[in-house]
Amino acid sequence: MKVYNTLSGQKEEFAPQSDEVKMYVCGVTPYDDAHIGHAMSYIVFDVIRRYLQFRGYKVKYVQNVTDIDDKIIDRAGKLGIPPAELAEKYTTSYFEDMDALNIERADIYPRATEEIPKIIEVIQGLIDKGYAYPAGGSVYFRVRNDPDYGKLAHRSLDSMMAGECAVGGEEKEDPMDFALWKASKPGEPYWESPWGEGRPGWHIECSAMSLKYLGDTLDIHGGGQDLVFPHHENEIAQSESFTGVKPFVKYWLHNGLVQLGEDKMSKSLGNLITIKQALEKYSPDAMRIFILSSHYRSPLTYSEEGLEAAERGAERIARVISRDDPTGGVGEALNAEPYQKQFIEAMDDDFNTPQALAVLFDLARGINQAADSGISFQDAKGVLLSLRAILGLRRRDVVIEVPTARLTITTYAPTVVTEAQLPPEIKPLVEERERLRKAKKWQEADKIRAKLDEMGIILEDTPESTIIRWKRKR
RNA sequence: GGCGACGUAGCCAAGUGGUUAAGGCGGGGGUCUGCAAAACCCCUAUGCACCGGUUCGAAUCCGGUCGUCGCCUCCA
């Protein structure tokens, strides 16, 4: 298995420290609804985690919630509510989105505000070792004392200085130094520390949490490419300086960024589409297919057409899974092993989900062919189910028997569907149409079909039954 | 300005030295169907931004040109 490591800039053979992969992915700062960019990152790492598990690894997955930060304080101030309340609101919203997208929960979600003792311990350790210094109630990391600084971003300190004139710097020894601890202003939330009242700087919480929950060396650290510098660079500096252990992370994985038209989708540009907005129009499976259709390290341009295409694809795979094998598994059977092998080959090559998805569609076609020609596909369907689960796809179609006819209800709900969920006015219409069809009154029958179509119900006649299909996405 | 990525069919997107350039969506034709829908079959890039070079052979390596984007500042 090969993974692309940002640190080396190359694909490397994946060799974790043990059978339990220690995985840390940068989480959110909850001050607003999560957007498509978040969806991309967390779907990508969800798939990576699922695949590692499929390959037999145990995975310990930790994701932080940075629930105290300048942005939270600013936004809460504007809204006139306590920062903690704002953070809580959007943390809840975040979990709703993750659940809706079928992203498995991390094992631990440490929150910055609950990890202050560890954060202070790390900062104090850095001061003791000469890597940090207090100034004006804050504490800064002394970048010049870390000869490795810049190794992740592949940049030298001097080249960083050259481009942009230094930021801040009033009490810093060096303009590139960054804050580990920030002195609080009056009215801001604060915690007691050896350096006075204050709060953690942006990068320190990730170092403290990952060291606490996963140890001195992580196997995988993930996040968006926009975090490479300065966030992850600073994490390396903090962590390796504190522990003296190198590397802090064996494999740095970064996903490409979502673009909206010409520009990156970002907070500062304000051109965000939230996950909640997208889910109003598109199913979770469509979102996942859309995102997984391009390689995780490539930029992804959000487009309605792309989502529409993904929606069709999601539907196709769900339909295959709803097909029954009439052979009962007897006789000639479709062998899905070659597909599974190809899927694994694709995923083993730095998580090539576009190719893996192509294999899934090939297998779907194979199953449909088998079904159309009376070849058993039970086992193949099992393979399709297990492979698509790695990508987190889960649309299901449910067959329901009613007294007058055998009906199949198609839905995208993750939960069990019963006839009771079918709107009561639907069934009589379907039955009436069936009577008209038997009487060969085609025009009247078609009128009912058209009427149902307007109600969001699609009817598909098959030799055995009529399939009732919901147009709705969920 | 510095660092980096990318430019493949109508759209999206794999492939990164060697038979006919994956897959999805869309489009065209057909089978099935009362008609549809679904499914299946066939077709839809003599060519991979452009120009040179290396090679028996390049979308794939090298050089150049043009274009797009990201990071360097809060960001997944």
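Computed from heavy atoms alone, side chains included, the values below leave out hydrogens, waters and symmetry copies. Computed from a predicted model, the values in this text were never measured in an experiment. We name chains A, B, ... by the order of the sequence lines, and we start the count at 1 in each one.
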Could you tell me how the ring of [X] sits relative to the ring of [Y]: parallel (under 30°), tilted (30 to 60°) or perpendicular (over 60°)?
| X | Y | value |
| --- | --- | --- |
| His221(A) | Tyr24(A) | tilted |
| Tyr42(A) | Tyr94(A) | perpendicular |
| Tyr109(A) | Phe95(A) | perpendicular |

Atom [atom1] of [X] to atom [atom2] of [N]: distance rounded to whole Å?
| X | N | atom1 | atom2 | value |
| --- | --- | --- | --- | --- |
| Asn255(A) | G70(B) | CG | C1' | 13 Å |
| His154(A) | G4(B) | NE2 | C1' | 9 Å |
| His38(A) | C74(B) | NE2 | C1' | 11 Å |
| Arg312(A) | G24(B) | CZ | C1' | 12 Å |

Next on the checklist: Can a donor-acceptor pair be found, under 3.5 Å and without considering hydrogens, that links the side chain of Asp148(A) to the backbone of Lys151(A)?
Outcome noted: no
Checklist entry - Just by modelled atom types, is the Ala356(A) backbone N or O under 3.5 Å from a matching donor or acceptor in the Thr353(A) side chain? => result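 Flag not set: sc Thr353(A) to bb Ala356(A) has no pair under 3.5 Å.
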NA contact type, [X], heavy-atom cut-off 4.0 Å: base, sugar-phosphate, or nothing?
| X | result |
| --- | --- |
| Asp461(A) | base |
| Ala358(A) | base |
| Ser298(A) | sugar-phosphate |
| Tyr42(A) | sugar-phosphate |
| Ile289(A) | nothing |
| Gly223(A) | sugar-phosphate |
| Gly27(A) | sugar-phosphate |
| Asp362(A) | sugar-phosphate |
| His231(A) | nothing |

Checklist entry - Tell me, do Met40(A) and Leu300(A) make a side-chain contact under 4.5 Å, heavy atoms counted? => result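 Result yes, sub-4.5 Å side-chain heavy-atom pair found.
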Item to check | Within-4.5 Å side-chain heavy-atom neighbours: Leu7(A) and Val249(A) | outcome: no
Checklist entry - For Thr6(A) and Gln225(A), what are the C-alpha separation, side-chain angles and deciding distance, and is it a side-chain contact (heavy atoms from CB on, under 4.5 Å)? => result CA-CA 9 Å; Thr6(A) 306; Gln225(A) 276 168 358; over 6 Å; no
Nearest-neighbour nucleotide for the [X] side chain, [options] considered:
| X | options | result |
| --- | --- | --- |
| Pro354(A) | G70(B), G34(B), A14(B) | A14(B) |
| Ser41(A) | G15(B), C72(B), A76(B) | A76(B) |
| Arg323(A) | A39(B), A76(B), C35(B) | A39(B) |
| Arg319(A) | A39(B), G15(B), A76(B) | A39(B) |
| His35(A) | A76(B), A14(B), C72(B) | A76(B) |

Checklist entry - Closer to the 5' end of RNA chain B via nearest nucleotide, is it Ile458(A) or Ser303(A)? => result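 The residue whose closest nucleotide sits nearer the 5' end is Ser303(A).
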Item to check | Greater than 12 external heavy atoms within 6.0 Å of Gln443(A)'s CD | outcome: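 No, CD of Gln443(A) has 12 or fewer neighbouring heavy atoms, counting only those of other groups under 6.0 Å.
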Item to check | Watson-Crick or G-U pairs under 3.5 Å in RNA chain B, rendered as dot-bracket with [ ] for crossing pairs and | for another strand | outcome: ((((((((.[[[..)..(....]]]((((((.......))))))....[[[[[..)....]]]]])))))))....
Next on the checklist: Between the base of G34(B) and the ring of Trp442(A) - centre-to-centre under 5.5 Å, planes within under 30° - is that a stack?
Outcome noted: yes
For nucleotides 40-43 of chain B, list the nitrogen or oxygen atoms of the protein found under 3.5 Å from its nitrogen or oxygen atoms, one pair per line.
residue, atom, partner, partner atom, Å
C40(B), OP1, Asn368(A), ND2, 3.2
C40(B), O4', Asp372(A), OD2, 3.1
C40(B), O3', Gln369(A), NE2, 3.4
C41(B), OP1, Gln369(A), NE2, 2.2
C41(B), OP2, Arg365(A), NE, 3.2

Next on the checklist: Centre-to-centre under 6.0 Å for His254(A) and His232(A), is that the case here?
Outcome noted: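 When the ring centroids of His254(A) and His232(A) are compared, they turn out to be within the sub-6.0 Å range.
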